[in-house]
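Right, one structure below, let's go through it.
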Amino acid sequence: KYTLILEGIDRMESGMKSAKVHTDALDHSFGHLQGMIREIGIAIGLSFGIEKLVEFGKESVKQFEKIEHAKTQLTNALQNRDIEFSMEELNSQAEEYSKKWIYSKEQIMSAQLELMKFKNLHGKTFENAETLSIDIASRTGRDLAEVTNSVGRALGDPEHAARLLRPMGIVFTDSQNKMIKQLTETGKVAQAQDIVFRALNDIFKGSADALAKTAEGMKKIAGEGWEK
């Protein structure tokens, strides 16, 4: 009887040892599998990171090419127009504005190019037209080049400013229209432009600054900063 009990205990111990061997093997296999999964995850992460880096590089090259193209166009335009700014000064303006407002350097240079299409825009008037256009585009969400074109046309021909700006929802009073007409007919174009500036600034001035301070604006400026 005792012999049978001892034999049973031996078999039990043998079974437990065998089970432990299998358990240890399973643990080892599971650990190996975890290591493989970890390595695969790292490889995928590295691959994803490299892909993003390559994509960023391509976008940076595209942005650089756009800026260089805009510079070439501005340089050519300056040969036919005297706006009292050099190419270096226009480039500095675009750099400065792109750092504090949501528009890229290339977008601002494109806006500068739009303004150069119109007469009577030079010096401080040209610069004020730039910042005014950025304010209007920031408030309305319209394309900056499109807004700048409308502003340039209105300032270049202030007598017809009311008609030119009406599609943008901008309306002048009868007294403003009358004063603008009188001034342009007597050759006082700069004073007529001042009326247009005041009317638009009363509505839009500070819009670019306000947008730049929002979460969306700060994110946009930060993104443009990486592209530059």
Side-chain angles (χ1 to χ4, degrees), residues 70-71 73-94 96-98 100-212:
K71 284 183 179 179
Q73 289 183 304
L74 282 170
T75 300
N76 292 335
L78 283 171
Q79 294 176 0
N80 303 313
R81 279 288 314 277
D82 179 16
I83 60 171
E84 300 177 18
F85 286 110
S86 66
M87 183 60 234
E88 290 75 17
E89 289 170 322
L90 291 177
N91 183 65
S92 295
Q93 284 180 2
E96 177 190 351
Y97 298 162
S98 68
K100 66 178 182 178
W101 294 322
I102 69 167
Y103 300 99
S104 69
K105 186 175 180 179
E106 183 269 330
Q107 287 176 307
I108 293 168
M109 284 184 161
S110 296
Q112 292 171 334
L113 192 62
E114 286 296 322
L115 287 178
M116 291 180 69
K117 296 177 180 179
F118 306 102
K119 62 181 182 179
N120 300 324
L121 297 181
H122 47 78
K124 197 64 178 177
T125 302
F126 184 96
E127 188 174 5
N128 289 341
E130 277 188 86
T131 55
L132 173 60
S133 298
I134 292 172
D135 274 328
I136 295 174
S138 297
R139 171 76 71 85
T140 62
R142 296 170 71 105
D143 178 71
L144 178 59
E146 176 188 330
V147 169
T148 306
N149 182 278
S150 297
V151 170
R153 292 170 65 195
L155 292 170
D157 185 13
E159 185 175 356
H160 299 100
R163 176 177 57 80
L164 294 169
L165 295 174
R166 191 175 298 119
M168 295 173 58
I170 300 168
V171 180
F172 289 89
T173 65
D174 290 340
S175 61
Q176 285 174 327
N177 287 326
K178 183 178 179 180
M179 182 62 69
I180 291 171
K181 181 177 174 60
Q182 290 175 347
L183 290 169
T184 52
E185 287 178 347
T186 55
K188 300 176 180 179
V189 176
Q191 293 181 37
Q193 289 175 331
D194 285 341
I195 295 175
V196 176
F197 272 123
R198 286 199 301 270
L200 295 178
N201 280 324
D202 284 345
I203 303 171
F204 299 105
K205 189 174 180 60
S207 296
D209 287 334
L211 180 56

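Residues take their numbers from the sequence shown, with the count starting at 1.
Every side-chain contact (heavy atoms from CB on, under 4.5 Å) that Asn91 has, sequence neighbours left out, goes to Lys71, Met87, Lys105, Met109. Legend: residues meeting side chain to side chain donor-acceptor pair (under 3.5 Å) with Thr173, ordered by chain and number and at least two apart, are Ser175, Gln176. Partners of Asp209 according to the side chain to side chain donor-acceptor pair (under 3.5 Å) rule, which considers only residues two or more places apart in sequence or in another chain, are Trp101.
Here the OG-CD1 distance, from Ser98 to Ile134, works out to 9.5 Å after rounding to the nearest 0.5 Å. Here the CD1-CG distance, from Ile180 to Leu183, works out to 8.0 Å after rounding to the nearest 0.5 Å.
In plain terms, the two heavy atoms of Leu113 and Ala77 that are nearest each other are CD1-CB, 4.0 Å. Closest heavy-atom contact between Asp135 and Ala208: OD1-N, 2.8 Å. Shown here for Ser133 and Leu144, the closest heavy-atom pair between the two residues is O-CD1, 3.8 Å.
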From CA spacing to verdict: side chain to side chain contact (heavy atoms under 4.5 Å, CB included), Gln93, Phe85
CA-CA 10 Å; Gln93 284 180 2; Phe85 286 110; 3.4 Å; yes
Worked check of side chain to side chain contact (heavy atoms under 4.5 Å, CB included) between Tyr97 and Tyr103
CA-CA 8 Å; Tyr97 298 162; Tyr103 300 99; over 6 Å; no
For Leu78 and Met116, run side chain to side chain contact (heavy atoms under 4.5 Å, CB included): C-alpha distance rounded to whole Å, both residues' side-chain angles, the deciding distance at 0.1 Å, then the answer.
CA-CA 8 Å; Leu78 283 171; Met116 291 180 69; 3.6 Å; yes
Determine whether Thr75 and Gln79 satisfy the following criterion, side-chain hydrogen bond (donor to acceptor under 3.5 Å, both in side chains), listing intermediate values before the conclusion.
CA-CA 7 Å; Thr75 300; Gln79 294 176 0; over 6 Å; no
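Here the side chain of Thr125 pairs no donor or acceptor atom with the backbone of Leu121 at under 3.5 angstrom. Under a 3.5 Å cut-off, the side chain of Gln107 and the backbone N or O of Ser104 do form a donor-acceptor pair.
Residue pairs that meet the salt bridge (Lys or Arg N to Asp or Glu O under 4.0 Å) test with at least one member in residues 118-129, sequence neighbours left out, are Lys124-Glu127. Applying the side-chain hydrogen bond (donor to acceptor under 3.5 Å, both in side chains) test to pairs two or more places apart or on separate chains, those with a residue in residues 137-152 are Glu114-Asn149, Arg139-Ser207, Arg142-Glu146. Within the structure, salt bridge (Lys or Arg N to Asp or Glu O under 4.0 Å) contacts touching residues 79-90 (residues at least two apart or in different chains) do not occur.
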Side-chain donor-acceptor contacts of residues 157-169 below 3.5 Å, not counting sequence neighbours, with atom names and distances?
{"from": "Asp157", "atom 1": "OD1", "to": "His160", "atom 2": "ND1", "distance (Å)": "3.3"}
{"from": "Asp157", "atom 1": "OD2", "to": "His160", "atom 2": "ND1", "distance (Å)": "2.7"}
{"from": "Glu159", "atom 1": "OE2", "to": "Lys181", "atom 2": "NZ", "distance (Å)": "3.4"}

Which donor-acceptor pairs under 3.5 Å do side chains of residues 187-204 form with protein atoms, sequence neighbours excluded?
{"from": "Gln193", "atom 1": "NE2", "to": "Asn120", "atom 2": "O", "distance (Å)": "3.0"}
{"from": "Gln193", "atom 1": "NE2", "to": "Leu155", "atom 2": "O", "distance (Å)": "2.8"}
{"from": "Asn201", "atom 1": "ND2", "to": "Phe197", "atom 2": "O", "distance (Å)": "3.2"}

